[in-house]
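Presented below is the structure to which this report refers.
Letters A, B, ... are given to chains in the order of the sequence lines, protein chains preceding strands, and every chain is numbered from 1. Small disclaimer: the values here were computed from a predicted structure and weren't measured.
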Amino acid sequence: MRAGQRLACFAVALSTTTSGAAVAKRALVLSRPPHVRPPPDAPTGRDVSAGVAIDVRRLPELDPPQSLSRAAVRELSGTAPTELKVETTRSGRRETTSITVDSPRPASVFVGERASAGSMFSAASTSIFCEPREPRAPIRWETFAIRADGGADWTVSDGFVDQARCEVKQVSRRRFDVPRLVGLGVPVHAARVPGGVLVFSPHAEQVTGDTTAGALTVVRAPVNRVFIPTQQGESASVLLEVSLGRLDAWLRSAGADALREAPLRVTLALDVSQAVSEAAPTLFVRSKMTMAERPPTPPRASR
Amino acid sequence: MRRVPAVGSLALLTSVFAAACGGSGRPAAREPSPVAASTPAREVQPCARQRPGVGAARVDAGRQSGSLVLAEVSGSEGRRLLAYVTDLDEPTLRTIDVTAGREVSVTRLRGQGEQALVLADGRVAVTLRRDNLVEILEPGARPEEPLSSRCAVEVPTDPVAMATTLDDRALLVTSGYAHKLTTLDSASLARVRTKDLAREPRAVLAADDGRRAFVSHVVGAKLSVVELDDDAVREIDLHQRLGRAGLNQRASKVREGCQGFALAMAIPFSVGVMPPPPVVERPPSAPSPQPAPPKAAPTTPARQGRVFAPFVTVDPGESRRLTSGYGDASSPLAAEVSSVTVIDAAAERAMTRAALTLPRREVKRADCLLPRAAAASGASLFVACLGIDSVLELDARALDPARAEVRRWKVPAGPMGLALDRATRTLIIASQFDRQVTILPLDGPADAGRQLSLSRSPGSSLTPELALGRALFHRTGDPMISSDGRACASCHPDGREDALTWSTPEGPRQTAMLAGRLSDTGPFSWSGSHPTVEDHVAHTFQRLGGAGLPAAQTQALIAYVKQLPVPRFGEHAGQEHRERVARGKELFFDRETACASCHVGGQTTDGARHDVGTRTSAERLDLETPSLRFVGATAPYFHDGRYKTLLEVLDAPDSKMGHTTHLSRADRLSLVAYLETL
């Protein structure tokens, strides 16, 4: 497959299965409704901000594989996945296959054609009915592990669910090395991919974004990632609110150090822009961590 | 163009005297007629330098004006950094020795100086806003000597900001009220060209290609791009959409814009000094990534850079909805939110398109809602903010640098001038209200700044009450004034109006101009329900969610607003224009047209309410007759902003507000010409 084709395929894989509107709707459903606001006594605190700007050309380029199609998995054979825990349970007449990524690292699993696409949420496990007449369905699972040197291993495995036999087979497994953007308070990793930039962050609770060209896509999952298209003369902005309830657990499971101080709020702003006169896009990532106000130090008693 | 040669011109003295003595400043026409730029033989280049190479010179490529600009003197003792500071309260230009940290001289100007600009040969140009002049000064051999006035040239009404082109041949001058950009020959100050722009142009900067200029506008959420060699003017839309919780949504909510007072420019990140080294950790064993070759060469290498336009995005609310105050309190963003739009200078397009927000409404009392000056250097954008009296360092690499604050410094009240000396990495700030200059080394500790006071000439006109009123008028984030941070100056920039129509409990209402319209125009508000200014101010604060000011502060605020400076129209319209104005005046007072039956007296209002046929289901019917003073530059028109131009008002088939439908087009244009002189 030529690079151009791979680029297109990956763009498709990352874009919505239906349309931009569907993506937006899904994002709205998954996010807290806009009218819900924190109570008047919502915590306030001091902000700790940091920003990192990178010439996108300096990021390594990854070439993640396209998701498997239904047609493709019909003909494929595979092996039993070592990373998945697959259990079949019976409830009345129906059998259900429960699939869990058996990894201590943040993991996500998606079932279906172009399953990794779009603005969607997925956890590390899923379940599917055993149906004798159903054709095989593609399955993809991912893990994200931060190494001691700060970089991360993003593994992407593809296979299929054979619903007739209530089993899962693995077809391929790829590992990608994603560098970390240093100095942001929370781990943020980024890489160049065909057509844009892929940014990995801790699990996000809410995401909003806008772009002048192409389509932003976000996978709000333990392996949380945002695809931002890059194009000369165009720009895109994304705002993520990191899920605080899962942050500590996420950091521990990913292999990152726990934060010294628990934040009240963590927001990440991702901007990608390239003026027409600029040779390359710039990725600008800014983190803002709102920390609780420290109680004032009581004055020392004079002697 | 009229050139006023060296001090002593009878004409100038007459006009200054008339102004000082409360002359009406209301001529028969608004604009000076173009006068041949030829110079009389006896005036050999009166504006040119007399002693080239003597005295202070321009610093770097400081080609933009400001209320504080830098110059330098090099000598045996090394470099002395100077700052010229215009004075909001006195017709003087101060020379500050930044290196020594003291004021070294005071130059008397022919009028109140607004902004200054050091020309390539060291001359200093100063806009005299109330006198419609640009005065040219020449530095002496020593900074301690006051500058000597070389000449003053007349420009369209309300000159504010200036810039020089890349080749330093042209001096560009924006005129706010007259909405013009005038190109002057920077050597002779002869007028080369005058272009009509959108309302209230302010900051101007010349693009790197030497062929274009960018002009900000206080109102209208737009940036003008002016081709300097021909008559082309293009506009860049700065409206932002509200990005709510979702992706790839084309949000229907469009936010308006206001407060476009400042502009700054940076060279492209990827070819210049902007980005720091990439901050990417890689495993030691992994090979370093090879930078890919550029995908495409710059389309026009001469056209490059990013322009930064600090302003405020505004949500005035849905015009059809009745609200409890000014704007929609249920909007996910506050009515006014600071922003810096980044513009692709080559593509002439805003790169910042969306006001992203997560679903929460935050009141940021420390927001920069009144940006007044900006400077860019490297990855930093510095913005001086009235209201919070702070200077912000923003990360210029963000798509909305207002969201990427790096640090801020609290400075004395009224920061309106800002300049950066790149050689010493020092920021110099002029705080006009407190008459202080702050010298701030960027690489030093946070408290390393020095401050020095500007001297005050004997007999200064600014009373403590007016000073208090001015501070209150511009104070943002004050819970006594509003609950969401808005200041009086938010909707009334420079005491004028924001060109917006706000949703209110009575329906859509356009902001009214304050300057020149407050005395003898009661009762107040569109419905005329407030008999006194005090009532109206209290009511306005209530609608803004403010607790209200104590009586003494309210009086100080009103005193300040009542003496807000108003534009003074130029004197030199052509014969044809004068005839048109005269005809318009006839029509205005004509019984059949009946404009003057309601718009009576010096303030052009009868102080009564009338039903002028503006009924909608959500509105009251009777409206107070508004003053028509300065109506020529307060578009849009009508209480709900339904008409974009005065001609549209006269074209409207409305028989209740005067009778103009029977007039010929020529007569309507004459009436417009007259209205523009009010």
Side-chain angles (χ1 to χ4, degrees), chain A residues 20 23-25 27-28 31-38 49 51-55 57-61 119 147 149-151 177 179-183 190 206-212 215-218 232-233 235-239 241 267 269 271 273-280 282 284 286, chain B residues 241 243-251 268-271 274-276 278-284 286 289 291-301 303-306 330 332 342-347 349 351-354 356-361 379 395 397-400 403-406:
Chain A
V23 172
K25 275 182 190 169
L28 276 174
S31 299
R32 195 165 56 193
H35 62 273
V36 176
R37 301 205 179 88
S49 298
V52 171
I54 295 155
D55 181 334
R57 291 175 300 180
R58 307 296 294 270
L59 293 171
E61 181 160 13
S119 173
R147 300 186 304 267
D149 63 24
D177 177 4
R180 177 174 179 170
L181 311 183
V182 177
Q206 297 181 75
V207 184
T208 184
D210 191 41
T211 178
T212 57
L216 297 161
T217 57
V218 58
Q232 197 165 34
S235 57
S237 283
V238 178
L239 203 58
E241 185 158 52
T267 309
D271 293 336
S273 59
Q274 183 182 11
V276 294
S277 62
E278 293 168 3
T282 300
F284 178 74
R286 188 162 183 85
Chain B
R241 290 183 178 273
R244 299 176 79 166
L247 284 175
N248 303 316
Q249 278 180 293
R250 278 290 120 193
F269 297 168
S270 48
V271 295
M274 294 292 282
V279 198
V280 177
E281 279 183 357
R282 297 192 55 76
K295 288 179 180 172
T299 50
T300 23
R303 294 189 164 198
Q304 58 183 20
R306 294 185 178 199
S330 65
V342 182
I343 293 120
D344 184 335
R349 199 161 65 127
M351 301 174 81
T352 316
R353 299 283 184 86
L356 292 186
T357 177
L358 293 164
R360 73 169 80 89
R361 183 188 175 99
D395 199 317
R397 300 164 300 183
L399 266 179
D400 181 354
R403 283 197 291 131
E405 184 177 321
V406 177

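- With a 4.5 Å cut-off on non-hydrogen atoms, A:Ala190 does not touch chain B at all.
- In plain terms, the two heavy atoms of B:Gly305 and A:Ser277 that are nearest each other are N-OG, 3.6 Å.
- Heavy atoms of B:Arg349 lying under 4.5 Å from chain A belong exclusively to its side chain.
- The minimum heavy-atom distance linking A:Gly51 with B:Arg397 is given by the pair O-NH2, 4.4 Å.
- Across B:Arg306 and A:Ala275, no two heavy atoms sit closer than the pair NH2-N, 4.1 Å.
- Nearest approach of B:Leu399 to A:Ser235, heavy atoms of both residues: CD1-CB, 3.6 Å.
- Distance check: B:Asp400 CG to A:Arg286 CZ gives 11.5 Å after rounding to the nearest 0.5 Å.
- Checked options B:Met351, B:Arg353, B:Arg403; the residue passing with A:Ser237 is B:Arg403 (criterion: side-chain contact (heavy atoms from CB on, under 4.5 Å)).
- Smallest separation of non-hydrogen atoms from A:Val276 and B:Asp344: N-OD2, 2.7 Å.
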